[in-house]
Amino acid sequence: MTKEELKYKLGEISREAAFDETGEFLNVIIPSPELLPLIKPLRLNKEFYFDYLFCITCVDWKDYLSMVYHLTSTLHRHTCVVQATITDVHCPQIESVSGIWKTAELNENEIYDLFGVTFLNHPNLRRLFLGDQWKGYPLRKDYTDEHMILL
Amino acid sequence: MQMTRKPSDITTDAKSGEVLHHEGEFIINMGPQHPATHGVLHLKIWLEGETIKKIEPHLGYIHRGIEKMCERLSYRQFIFSTSRMDYLSAHINNQACALAVEKALGLEVPPRAKAIRIILAELTRIASHELWWACSGLDLGGVTPFFYAFREREAINDIMEETCGARLTQNFIVPGGVMSDLHHNFQKRVKRVLTQIKDNLHEYDEILTGNIIFQNRLKEVGYLSREDAISYGCTGPAARGSGLSCDIRKLYPYDGYEKLDFDEIIFNEGDCWARYRVRMAEILQSVHIIEQLIDSIPDGEFQAKTKNVIKLPKGQFYQRVETARGELGVFIVSDGAATPYRCKFRSPNFSNLSAIPQMAQGAKIGDLVAIMATVDLVIPDIDR
Amino acid sequence: MVLITGYVKMNGTEINIKKTGFLKEYFGTIFTSLSSLLTGMKLTGYYFIHPNKIITEQYPDNRATLKMAERFRGEVTLPHNENNEHRCNGCQSCEIACPNGSIKIVTKHEISEDGKKKKRIDTWVYHLEMCTFCNLCIEACPSKAIVMGKKFEHSVYDKSQLVKILNKPGSKVMKEAEE
Amino acid sequence: MEKLHLLFVFSFSWLASHLNMWLRTGIGNSFLLLVTEMLIAGISLLAFLVILCFFLGYMERKVAAFMEIRLGPNRVGPKGSLQIVADTVKLLFKEGLTPDGSDKFLFNLAPFVVVVTSMLAIAPLAFARDFQLWDVNIGIFYVTSISSMAVIGILMAGWSSSNKYSLIGAMRSGAQIVSYELSIGLSLISIVILSGSLRLSDIIQSQANGWWIFKGHIPVLISFIIFIIASTAEINRAPFDLTEAEQELTGGFHTEYAGMKFAMFLLSEYINLFIVSAIAATIFLGGWMPFHIGNLTGFNHAMDYIPSSLWFFGKTFFIIFIIMWFRWTFPRLRIDQLLNLEWKYLLPISMGNTLLVSAMAVFGWYL
């Protein structure tokens, strides 16, 4: 499916989706509560069949966080990027997609650890790298550490 | 009849009330210091006898926050830090970063630089697979293969040292090309190494591949179906052993791989033996790629002209390459400044690690070692 | 016995016994297993009686003859000529280029003979313990003042010994390298 | 003439009888005499074993190194021959720690049990012509029963360490040694049937006209191979070193041991290696018996002039070399494959083989 077709079809599924076509892939920007309703058909519909979640990450934009899901299909070989915007910076929450792609489980642990995003319905949410005693979320822009060496 | 467990059979945590383990089960911590985890990987394993019930990876023993570091480094500088992620394919990691920057800038790399990059990348891949072969023999109890593979790997490292200046963390790539031209001995020595590898590969087969003990240790062990490989986001030889076509060099060619003739190695069995054969065949494919290029490296510049301070346009850029272990993705979010706003490395080992609990379900401890050997984890790449 | 995969030919021998009755399979397994084991033993036996194939390098006995590669990155050095002159004019490009701050250049202002103020280096501090030998400083240097040295035996007992001052006392900038 | 013969064929029996006579003149009391003789024998045996282990350690390193295309130890002493001495000194000075949660008594006892059981098995071995510590009439039976006691020491070590890796290693060893005992027993029985005696000296004498491996045709060859495989498993050496399995269990039953206590496990490993090789050499290759070919009198005489002790040690070290060759070539088996190999292959074959050998013995189908 080309970018245009994807954009058209996705617009049908989610009314609130905004699109950004400047980059290499089609970017779909949605608010965080809309994530599951959009992403489930993307995985399950035969025409999309985005079965391969190859990159999950989070970007801290200071006044909001955005979760970035890079999806591709091993069947159709088309790619799209779903960006879910989390507006609540102090207590960010989003639905887990670990039930849809198993790779999300460990990756969401990493994001929880480094960004502090809580994933709802995640089977085993824990701090993967830093341990439970660690204060703060290092990859946030406002994170400061007294031991940090500034070069 | 359904088995019911008495409450007394369950050990719970005094504080949280969480179920720790059942009667007859016991937990061992494999790692962070363990001979078979090749680094500081910590696997918490629930065992029943010798059979593995559940595995939980605990990470972060060498987490250095490379992604955070990259936010403070300029686009010329941040390349070097990726050498420390998957240190066995350092050159390919550097290539990924440089490609991402070049893609964002729309920079055309001179053909000579492209050829040099590919040759060095394939040499890195061979060296990495040699080390993997050496260590997988060692993991399964055969010490001797280790030295046979290191003989060839040393020869490759010598070439790297001569041309790049370093044996392992080369940092030879800059945005727009490579740091310097090839050493005048390069072609001669590469050809010699290729002949050496081709002459010695039969020894690998004699001592490990054809060995009945080795084959029995790998066959029908650590099964990963194609669906699971996709779902776990596995890439590289680990996924290609499960029949998933995922070679970035074929699917999304970069640096001129599209002009080269090579095969994507795919086996459908999904067990350790399939993954083993994928890697063994990939060594030959890499040899084949280098052979095509080594006599026809184009003349010309080895570096495109770039500005002193590189500033990327605003936007998000994703570049993937095929390292020796699978797909490495570099995701750069730029806000137009001279440093990346956010830099994410999608490392192949992290996803491959997440599939290990699935593969090792119901296996023995010895099998887990075989699985980890054939998945070929590099821990610094997981922890980043 | 040549194993043919879907894509490439490999010289390995795969042991697959065809199902031809229990006894034949049983003894066939024993035979192929033993022969595969003997193949391996033949190889190790071959190397056992061929000591000329040994690849061990006799470091540190061969220190005298050991020659590092031309481009080997051992440490950053600031070469001085016989008049105790170097080429560094203190532009600090290397300091900016260094990704992990292993270079610190302290500059001073000197008044030259014709009365002009000129920037000169006071101390050229090199933190070897932080250096990753990435070669970026050498690339950045406009006057080719610094080069990578060939020394690779860096171990010391005290970390402070790894902080080096590269300009020799009383050294000056070469005439042609000024600005 | 007698002197000349002694010069060529150095006889331990001559030494032993002279020692005995010399002691008899000094000590009148027969009990004291016996005690003194036993002490001398014990001390010389201990010295012999320590030197043997030094030599085996050096040999193992060199064999491994040459197979791995490297040099091996070459710093301490000429060609690195004193490396193992240096290692022993290092182990001696290391702290012999006992883990906190362990069963302290059993933990400290286990290394001694392992070493003592392996030393006991040396008693009936014939090192040379007429040189045997104890020519007991149940020689082979004694050796097999003593060597199967080694498992107790290993289990003790694994259990008392209070370490899960050690425990798994110990349980593996239990399964492994107990099952491989059967094959060893059956392959030894085939020679007992042929020679008609359990006494080791009788078995060696029965090979005066040819070693069993030549006389006994294919069935004895099969039992020889089975004996070598099973005994490699019995002494926990690669590819059957599942009790240690460094890559899986980080050291198995001796994970928690350090210093001298660890050195004792090492010592017992090498003594065991020597014992099984010596038994194989005695039973199948004729012990100290020289190599003779039918009626070639000249050749046979020349062989006779090689000292009998040299014959014994030559054969033993040949088999030790083969077992080391195994170790440095093969990867390790998995635990279930190990048991499969024993119960599905070695045991049925050795049982069938015993039947064949019995038939051979009954019909006299050997030379």
Residue part contacting chain C, namely of B:Y148, when any heavy atom lies under 4.5 Å:
side chain
Which atom of C:A97 lies closest to which atom of B:Q77, heavy atoms considered:
O-NE2, 2.8 Å
Please check if the number of heavy atoms outside C:K150 that lie under 6.0 Å from its NZ is greater than 12.
yes
CZ on B:R151 to CD1 on C:I54, rounded to 0.5 Å
12.0 Å
To the nearest 0.5 Å, what is the distance between CG on B:N211 and OG1 on C:T39?
8.5 Å
Donor-acceptor contact present, side-chain B:R72 to main-chain C:P99, <3.5 Å
no
Relative to chain C, which segment of B:R84 carries a heavy atom at a distance below 4.5 Å: side chain, backbone, both, or neither?
side chain
Which region of B:Q303, side chain (C-beta onward) or backbone (N, CA, C, O), has a non-hydrogen atom less than 4.5 Å from a non-hydrogen atom of chain C, or is it both or neither?
side chain
Is atom NZ of B:K188 surrounded by more than 12 heavy atoms (other residues, nucleotides or ligands) closer than 6.0 Å?
no
For C:R71 and B:H183, what are the C-alpha separation, side-chain angles and deciding distance, and is it a side-chain contact (heavy atoms from CB on, under 4.5 Å)?
CA-CA 9 Å; C:R71 297 179 183 175; B:H183 194 269; 4.3 Å; yes
Heavy-atom pair of closest approach, residues C:R73 and B:A166
NH1-CB, 4.4 Å
Roughly how far, to the nearest 0.5 Å, is the CD atom of C:E70 from the OG1 atom of B:T163?
10.0 Å
B:E203-C:Y47 side chain donor-acceptor pair, cut-off 3.5 Å
yes
Determine, step by step, whether B:I212 and C:L37 satisfy the side-chain contact (heavy atoms from CB on, under 4.5 Å) criterion, reporting the C-alpha distance in whole Å, the side-chain angles of both residues, the deciding distance to 0.1 Å, and the verdict.
CA-CA 7 Å; B:I212 182 79; C:L37 296 178; 3.8 Å; yes
Does CZ belonging to C:F31 count more than 12 external heavy atoms closer than 6.0 Å?
no
Quick one: CZ on B:R76 to CD on C:E139, what's the gap to the nearest 0.5 Å?
8.5 Å
Looking at B:E220, I want to see if its CD is surrounded by more than 12 non-hydrogen atoms of other residues, nucleotides or ligands under 6.0 Å.
no
Nearest 0.5 angstrom please: C:T132 OG1 to B:N171 CG, how far?
7.0 Å
Distance in Å, C:N135 CG paired with B:S180 OG, rounded so as to fall on 0.5 Å steps:
7.5 Å
State, to 0.1 Å, how close C:I55 and B:F147 come at their nearest heavy-atom pair, and which atoms those are.
CD1-O, 4.4 Å
Under 4.5 Å from a heavy atom of chain B, the part of C:I96 involved
backbone
Within 6.0 Å of CD in B:Q187, more than 12 heavy atoms from elsewhere:
yes
Where on C:F133 is there a heavy atom nearer than 4.5 Å to chain B: the side chain, the backbone, both, or neither?
neither
Report which part of B:Q170 has an atom under 4.5 Å of a heavy atom belonging to chain C: side chain, backbone, both, or neither.
backbone
Which pair of non-hydrogen atoms, one from C:C134 and one from B:M179, has the smallest distance, and what is that distance?
O-CE, 3.5 Å
Just wondering, more than 12 heavy atoms not from B:K250 lying within 6.0 Å of its NZ?
yes
Minimum heavy-atom distance B:G210-C:S36, with the two atoms named:
O-CB, 3.2 Å
